[in-house]
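Single-structure report; data block below.
Each chain gets a letter, A, B and so on, in the order its sequence line appears, and its residues count up from 1.
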There are 2 protein chains.
Amino acid sequence: MVAEKQVKALSERTLRRLPRYIEILKRLKSEKIEFVSSNMIADELGLDSIQVRKDLAATGVTGKPKLGFAIDELINGIKHTLNWDNQTDAFLVGAGSLGSALLGYKTFSDHGLNIIAAFENEPSKVSGIINNITILPIEKLSDMAFRMKVHIGVITVPIDQAQHVADMMIEGGIRAIWNFAPIHLKVPDFVIVENAQLSHSLGVLTHKLAESLKGENK
Amino acid sequence: MVAEKQVKALSERTLRRLPRYIEILKRLKSEKIEFVSSNMIADELGLDSIQVRKDLAATGVTGKPKLGFAIDELINGIKHTLNWDNQTDAFLVGAGSLGSALLGYKTFSDHGLNIIAAFENEPSKVSGIINNITILPIEKLSDMAFRMKVHIGVITVPIDQAQHVADMMIEGGIRAIWNFAPIHLKVPDFVIVENAQLSHSLGVLTHKLAESLKGENK
DNA sequence: TTTATATCGATAAAAATATATCGATAGGTG
DNA sequence: CACCTATCGATATATTTTTATCGATATAAA
Ligand SMILES: NC(=O)c1ccc[n+]([C@@H]2O[C@H](COP(=O)([O-])OP(=O)(O)OC[C@H]3O[C@@H](n4cnc5c(N)ncnc54)[C@H](O)[C@@H]3O)[C@@H](O)[C@H]2O)c1
Ligand SMILES: NC(=O)c1ccc[n+]([C@@H]2O[C@H](COP(=O)([O-])OP(=O)(O)OC[C@H]3O[C@@H](n4cnc5c(N)ncnc54)[C@H](O)[C@@H]3O)[C@@H](O)[C@H]2O)c1
């Protein structure tokens with residue numbers, strides 16, 4: 001009965017804000033600041049300080065009256081909450097232009113993700129190496145995922161291949177899929193899918209811009 | 001007084017779901033289906049049919065009892081709501097690995113975005129061409145944005161350059177920024193910032209996976 | 001033509017999320 | 001040492017978002 005310190009349930013909204021706090025906290029830390037108030041964080045990010053305190057409460061870290069939160073403790077607490085304090089191995093499928101950019105991005109290791117291999121369809125790409133990550137033939141995906149107990153899969157293949165790749169991942173025991181293809185994947189309940197779909201964010205942008213410009217021209 | 005058909009206000013949540021509807025609708029259309037019920041869409045995406053109806057109502061498109069919604073009309077209505085029925089010119093700054101992937105992605109034109117030029121710091125990259133888009137020296141950014149009345153800027157430079165680039169964009173009259181750098185940009189009220197930050201989505205994934213695996217090991 | 005029913009869309013209720021209020025307290029100030 | 005104040009964190013309120021209920025209606029079948 002090794003009960004973790006009981007923290008309040010984390011809403012998805014809170015979860016999405018936590019990385020933003022880390023961003024600010026790291027900067028303040030580099031400026032040698034040791035304590036930060038919820039107000040300061042809120043100001044930096046354009047949020048409400050009560051909301052910041054609630055979010056932080058969800059990580060289990062507590063502050064001190066008059067002082068605020070200890071930055072180091074807070075960074076660690078948030079990272080722990082996100083499971084960013086240890087890396088989870090992942091496979092990426094589809095070393096095309098987007099996939100290659102992701103393979104080359106070193107910062108993911110700070111965010112709990114360790115891409116240990118990539119897989120490809122295209123023979124000419126197989127055996128290539130990007131950022132020390134080898135590209136393997138797609139046929140090996142399921143077996144290797146299973147043997148190496150890899151739990152995260154990143155999908156960067158074209159839309160018409162995405163469901164098929166997801167199925168292979170699940171067959172190999174992958175439990176969480178980070179999907180960049182603009183398609184709704186059908187997966188069993190125990191598989192977590194997180195869509196990183198740029199078009200959703202782009203839609204918000206184009207809509208708001210149109211509204212804003214409309215208002216302007218009378 | 002050319003009043004547009006009055007539609008209900010669009011919440012950000014709704015706005016983010018609209019592209020998903022388009023995705024489904026396009027597929028159904030390719031299967032020669034002409035009408036679709038809110039229930040069918042909801043099933044495809046794992047949503048609630050009432051929510052789908054509410055979202056669609058926000059686009060101003062109405063359905064018919066017993067039949068549902070006319071797919072073509074619905075696609076057009078959603079595109080119009082997102083302002084995806086015409087393209088807005090954009091500049092991209094930072095033709096690195098992520099920037100290049102975006103420059104090469106043809107599908108953005110279906111999503112209202114037309115990247116007409118890219119800008120770079122690095123002399124060796126200037127004058128390059130990716131997907132027919134020329135890479136220009138960063139010094140020209142503000143002037144050209146102003147002269148060409150470009151309203152959207154895409155930021156794919158390293159974190160420490162992002163605020164500076166944003167400032168140059170705003171100086172050039174850019175009104176909406178699609179930001180890929182993991183930093184909170186400070187901009188005037190009239191500028192719209194939409195963050196396409198992968199770490200937010202990754203945090204949700206790593207947290208949920210950890211919870212899920214924890215539950216499993218008793 | 002009449003009837004049955006799938007589906008919409010308006011209104012109402014419930015749930016989730018954000019914001020406000022306020023007492024408690026650590027630490028600085030006189 | 002006693003007081004003042006910034007800040008936390010618990011509780012309460014307000015707002016937003018989701019989900020439920022139900023009457024209206026267009027189509028298809030009887
Ligand atoms: N490039 C972007 O900026 C961008 C932006 C948003 C979304 N996306 C999405 O990301 C995905 C990839 O885009 P991209 O531009 O990198 O495309 P891409 O064509 O450059 O890369 C796709 C890669 O997947 C490989 N592939 C295809 N089928 C495969 C299979 N069955 N198994 C293994 N590998 C396979 C291809 O060989 C190719 O290398 C697409 O779904 C796209 O819609 C891309
Ligand atoms: N690569 C990824 O997968 C990935 C994922 C998530 C976020 N990001 C973010 O996207 C941004 C770009 O990442 P990247 O991997 O493409 O980096 P990169 O180094 O490959 O590209 C950055 C480019 O910006 C250019 N640049 C730098 N300063 C500039 C300036 N002042 N004006 C014009 N151009 C300038 C550089 O010459 C370079 O070509 C970073 O902020 C990164 O954190 C990247």
Side-chain angles (χ1 to χ4, degrees), chain A residues 5-18 20-21 24-25 28 33-75 77-78 81 200 203-204 207-208, chain B residues 5-18 20-21 24-25 28 33-75 77-78 81 200 203-204 207-208:
Chain A
K5 185 185 337 186
Q6 186 53 51
V7 294
K8 299 187 194 87
L10 277 157
S11 75
E12 183 135 343
R13 286 310 200 57
T14 293
L15 224 36
R16 283 183 191 280
R17 279 187 296 265
L18 292 181
R20 306 180 61 187
Y21 300 143
I24 296 296
L25 294 171
L28 294 175
I33 296 171
E34 285 180 39
F35 282 84
V36 62
S37 69
S38 56
N39 234 302
M40 221 183 292
I41 298 175
D43 277 358
E44 290 285 339
L45 294 174
L47 301 173
D48 186 285
S49 69
I50 302 164
Q51 185 171 61
V52 172
R53 283 209 293 286
K54 276 221 163 156
D55 286 344
L56 299 185
T59 69
V61 178
T62 59
K64 280 189 188 163
K66 191 89 190 220
L67 270 186
F69 298 83
I71 287 192
D72 272 329
E73 195 187 338
L74 203 43
I75 291 176
I78 296 174
T81 303
H200 300 183
V204 178
H207 170 83
K208 286 188 180 169
Chain B
K5 187 184 336 187
Q6 186 52 52
V7 294
K8 298 186 195 89
L10 276 158
S11 76
E12 184 134 344
R13 286 312 198 58
T14 294
L15 226 35
R16 283 184 192 280
R17 279 187 296 266
L18 292 182
R20 306 180 62 188
Y21 299 143
I24 297 296
L25 293 171
L28 294 176
I33 296 172
E34 284 179 41
F35 281 83
V36 62
S37 69
S38 56
N39 234 303
M40 222 183 291
I41 298 175
D43 277 359
E44 290 286 339
L45 293 173
L47 300 174
D48 188 285
S49 69
I50 301 163
Q51 186 171 61
V52 172
R53 284 209 293 285
K54 275 224 164 152
D55 286 343
L56 298 185
T59 69
V61 178
T62 59
K64 278 189 190 164
K66 191 89 190 216
L67 270 186
F69 297 85
I71 288 193
D72 272 329
E73 194 186 338
L74 204 42
I75 292 177
I78 297 174
T81 301
H200 299 183
V204 177
H207 169 84
K208 286 188 180 170

- Note on the structure: To the nearest angstrom, the CZ-C1' distance between B:R17 and D:dT16 comes to 12 Å
- Contacts of B:R13 meeting salt bridge (charged side-chain N to carboxylate O under 4.0 Å, His left out) (sequence neighbours excluded), chain-then-number -> none
- A:R16 CZ to C:dA18 C1', straight-line distance once rounded to whole Å: 18 Å
- Task: In whole angstrom, give the distance that lies between atom CE of A:M40 and atom P of D:dA6.
- Result: 13 Å
- Mind checking A:S38 for me? I need base, sugar-phosphate or nothing, with any heavy atom below 4.0 Å counting as a touch. sugar-phosphate
- Query: What string of B, S and - do you get for nucleotides 20-30 of chain C, 5' to 3', when a contact is any protein heavy atom under 4.0 Å?
  - Reply: BB---BBB---
- By side chain to side chain donor-acceptor pair (under 3.5 Å), which residues pair with B:H207, not counting sequence neighbours? none
- Query: So what does A:T62 touch, heavy atoms closer than 4.0 Å: a base, only the sugar-phosphate, or nothing?
  - Reply: sugar-phosphate
- Message: Quick one, A:F69 and A:L56 - any side-chain contact, counting heavy atoms below 4.5 Å?
- Response: yes
- What residue pairs, at least two apart or across chains, pass salt bridge (Lys or Arg N to Asp or Glu O under 4.0 Å) with a residue in residues 33-52 of chain A? A:R27-A:E44, A:E44-B:K186
- Ignoring backbone atoms, test whether A:R13 places a side-chain nitrogen or oxygen under 4.0 Å from the OP1 or OP2 oxygen of C:dA18. yes
- Can you pull the salt bridge (Lys or Arg N to Asp or Glu O under 4.0 Å) pairs that have at least one residue in residues 65-75 of chain B, sequence neighbours excluded? B:K29-B:D72
- Can you tell me how far C1' of C:dA18 sits from CD of B:E12, to the nearest Å? 15 Å
- Query: To the nearest angstrom, how far is B:L15 atom CG from D:dT17 atom P?
  - Reply: 11 Å
- Taking CD from B:E34 and P from D:dT27, how many angstroms apart are they, rounded to a whole number? 13 Å
- Sorted by chain and number, sequence neighbours left out, side chain to side chain donor-acceptor pair (under 3.5 Å) with B:T14 holds for B:S11, B:D55
